[in-house]
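Let me begin by presenting the structure, written as structure tokens, before commenting on it.
Side chains are part of it too, since the values below use all heavy atoms of this structure and drop only hydrogens, waters and symmetry mates. Protein chains get the first letters and strands the later ones, always in sequence-line order, with residue 1 at the start of each. Owing to the predicted nature of the structure, the values given are computational and were not obtained by experimental measurement.
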Amino acid sequence: MRNMPGKPTVYDFNALMYCYFKSGNVSFHLLIELYLGMKSFGPAPNASTFNTLCNGMLTFGNLKDSLFIIEEMCGSGFVPSFKILSKLLKKSLQFGSLMDSLCTLEIMLKFGYVPTEPTFNMMICMLGKAGMIHEAYFVFSALFNKGYFFGVHTFNPILWAFCKSNQSYTALQLFYSMKKRGILYNVCSYTALVYGFCREGFQEVALQCLDEMQGNGCKPNVITYTVLIKFFCDNGRIEQAMKILTEMEREGCNPDLLTYNVIIRELCHQGRMSDILEFIQIIDQKGFSPDSYTHAALAGGLLKAGNIGFAYELLSDAVSKSCSMDVALYNIYLHCLCRQNRLKEALTMLDRMIEEGFMPTNVSYNIILDGVCRENGVDEALDLLDHFKWEANWPDVVSFNTVLLHNNSLISQLPGDMYNKRLKPDSLSYGSLITDLCSSGDPRSSAIKRMDEDFVKGSAEV
DNA sequence: GTAGGGTTAG
């Protein structure tokens, strides 16, 4: 351009940026510098500058700079288009960046834009799953109060999020207030409430929900019934669970493999062998084939009931027949071996699962840690906490509690270790601490000071 | 398009 008269115009800058993005080899830093240079020394960026920059950044998945450019665009008095903001919102959601998506939505609302329904639903779902329930509800209300009406598919994820985080009464209040405002609920909405109340231990309220949904002409489905069966089973009320099973069949709703897996697990806990065999037969007769959850229900249930040998046989059979294994099944297998004081074999199995492409989880390592405490003592376990190859995981509060429970005289040392690793002691950790202090009778120990500090900071669990 | 099942420390 040196050979041409005059200075480069804003169009030249825009074209340069456009071509630079197209070249594929992009330094975001350089582009931002270029933009800031234009801003300071001219030519002043125009709407096209912002669009080119934002689109280019988005193509390369650079959310942060895209959002920065949009903010700059607004700050310079330009109005971003619906299209570009919608694109930014979708990308933020694709990348799972909820904060960026919230910022983008805020900008959209400021200009009176409303996201498309699929994008909005995705946003609500993701916020709910990330436990950002209040944000989900806030976003929903912001649009609802402006007169935009999204249906039950948008609202159900909010209901579920409340019900999964022990706030089912809040969910119920919302349920009624939205019902008054015209939302027509479906079976998934009622199932959320049934789930929430069961989870918080209000099974009777859950049964009332079941009645109410039926009264409103909404038939419970296999998921609704399985939720009820699951929570009755978890409370050991297997006869109640069987009643629900009978009722669902009478209503013409067929149980599926999930339903049976839940029941089998509790039957194993209760050691009801003949019933277990009966249900395995039913599964077979109905044409289902047992899956990895069935095996986990059986082996995990038997192990928990103390039937270690049987659980072990079942899993080693599954491994040798190369049934579909997964990490949870391997973990139960490791647990069986450790409970039989076969730590060496457990360690071999840990290697084998890695070889077969199953990444051990914290659960796997904590099971091994427990095995080490049992067989080789706490000193070696402590060594493991520091030097074990934990793959992508780190010792967590369960790891520390495992060691503590094997030797709680370590308590004055371990909270410090946990603190250094930014782990918050839980009620089990403090339980060990209190037990230890009661038996040692030493009020000046460093441990009690730590606990005191934690209570003052409000970070200790009651 | 939303929803249900298995694995670790007392």
Side-chain angles (χ1 to χ4, degrees), chain A residues 117-122 124-126 128-129 136 150-161 163-164 185-196 198-199 220-231 233-234 255-266 268-269 290-304 311 315 324-336 338-339 353 358 360-371 373-374 381 393 395-406 408 425-432 435:
Chain A
E117 197 175 328
T119 309
F120 187 64
N121 279 355
M122 188 156 126
I124 296 278
C125 273
M126 289 177 69
K129 282 187 179 144
F150 294 116
V152 65
H153 289 295
T154 313
F155 200 64
N156 281 344
I158 299 180
L159 273 184
W160 271 97
C163 291
K164 285 195 166 180
Y185 288 113
N186 63 15
V187 54
C188 180
S189 337
Y190 284 102
T191 305
L193 292 175
V194 169
Y195 177 95
C198 280
R199 189 187 154 101
N221 64 15
V222 58
I223 298 178
T224 323
Y225 285 117
T226 305
V227 165
L228 280 163
I229 290 174
K230 151 97 175 135
F231 284 101
C233 280
D234 283 351
D256 60 16
L257 186 59
L258 264 85
T259 320
Y260 292 122
N261 286 346
V262 166
I263 295 172
I264 284 179
R265 177 167 172 267
E266 182 54 25
C268 287
H269 286 161
D291 63 1
S292 64
Y293 283 80
T294 318
H295 290 122
L298 281 164
L302 289 167
L303 175 65
K304 201 163 259 174
L315 284 174
S324 68
M325 291 294 286
D326 59 27
V327 177
L329 275 173
Y330 274 112
N331 287 346
I332 302 171
Y333 199 33
L334 293 176
H335 199 183
C336 287
C338 288
R339 292 282 295 271
M353 66 189 274
F358 297 100
T361 59
N362 262 18
V363 177
S364 330
Y365 290 114
N366 288 336
I367 289 169
I368 297 281
L369 195 65
D370 187 58
C373 286
R374 284 167 192 275
N393 307 291
D396 56 17
V397 64
V398 177
S399 326
F400 281 92
N401 287 345
T402 302
V403 180
L404 277 179
L405 289 162
H406 282 278
N408 66 7
D426 64 7
S427 49
L428 202 87
S429 327
Y430 286 113
S432 302
T435 309

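Side-chain contact check for A:Asp396 versus A:Asn366: some heavy-atom pair is nearer than 4.5 Å. Under the 4.5 Å side-chain criterion, counting only non-hydrogen atoms from C-beta, A:Arg374 is in contact with A:Arg339. Side chains of A:Cys268 and A:Ile264 form a contact here, defined as non-hydrogen atoms less than 4.5 Å apart. Side-chain contact between A:Cys338 and A:Asp370 is absent, with no heavy-atom pair separated by less than 4.5 Å.
Of the listed nucleotides (B:dA9, B:dG4, B:dG6), B:dG6 has the atom at the smallest distance from the side chain of A:Leu329. For A:Thr259, counting side-chain heavy atoms from C-beta on, the closest listed nucleotide (B:dG4, B:dG6, B:dA9) is B:dG4. Counting only heavy atoms from C-beta on, A:Arg265 has its side chain closest to B:dG6 among B:dG6, B:dT2, B:dT8. Out of B:dA3, B:dT8, B:dG10, the shortest distance to the side chain of A:His335 is found at B:dT8. Listed nucleotides B:dG6, B:dG4, B:dG10 differ in distance to A:Leu405; the shortest reach to its side chain belongs to B:dG10.
Remark: the A:Asp326 side chain and the B:dG6 base include a donor-acceptor N/O pair separated by less than 3.5 Å. One cannot find a donor-acceptor pair under 3.5 Å joining the base of B:dG6 and the side-chain atoms of A:Asn331.
Computed from coordinates, the A:Leu303 CG to B:dA9 C1' distance equals 14 Å when rounded to whole Å. One can place CG of A:Asn366 at 9 Å from P of B:dA9, the figure rounded to the nearest angstrom. Rounded to a whole Å, the NE2 atom of A:His406 is 14 Å from the P atom of B:dT8. Counting to the nearest Å, the P atom of B:dA9 and the CG atom of A:Asn401 are 11 Å from each other. To the nearest angstrom, P of B:dT7 lies 15 Å from CE of A:Met325. One interatomic measurement links the two molecules: CG of A:Asp291 to P of B:dT7, which rounds to 14 Å at whole-angstrom precision.
When heavy atoms are screened at a 4.0 angstrom cut-off, A:Val262 is found touching the sugar-phosphate backbone but no base atom. Heavy atoms of A:Thr402 sit under 4.0 angstrom from primed sugar atoms or phosphate atoms, though from no base atom. Among the heavy atoms of the strands lying under 4.0 Å from A:Ser292 is at least one base atom, whether or not backbone atoms are also near.
The backbone N or O of A:Tyr195 lies less than 3.5 Å from no partner atom in the side chain of A:Trp160, so there is not a single donor-acceptor pair.
Checking the phosphate oxygens (OP1, OP2) of B:dG6, a side-chain nitrogen or oxygen of A:Lys230 falls inside 4.0 Å. Look at A:Lys304 and you'll find a side-chain N or O under 4.0 angstrom from OP1 or OP2 of B:dT7.
Partners of A:His153 under the side chain to side chain donor-acceptor pair (under 3.5 Å) rule, at least two apart in sequence or in another chain, do not exist in this structure.
Salt-bridge annotation for A:Arg199 and A:Asp234: absent, with no side-chain N of the basic residue lying under 4.0 Å from a carboxylate O of the acidic one.
Taking every heavy atom of residues 185-195 of chain A and every atom of DNA chain B, pairs under 4.0 Å involve A:Asn186, A:Cys188, A:Thr191, by number.
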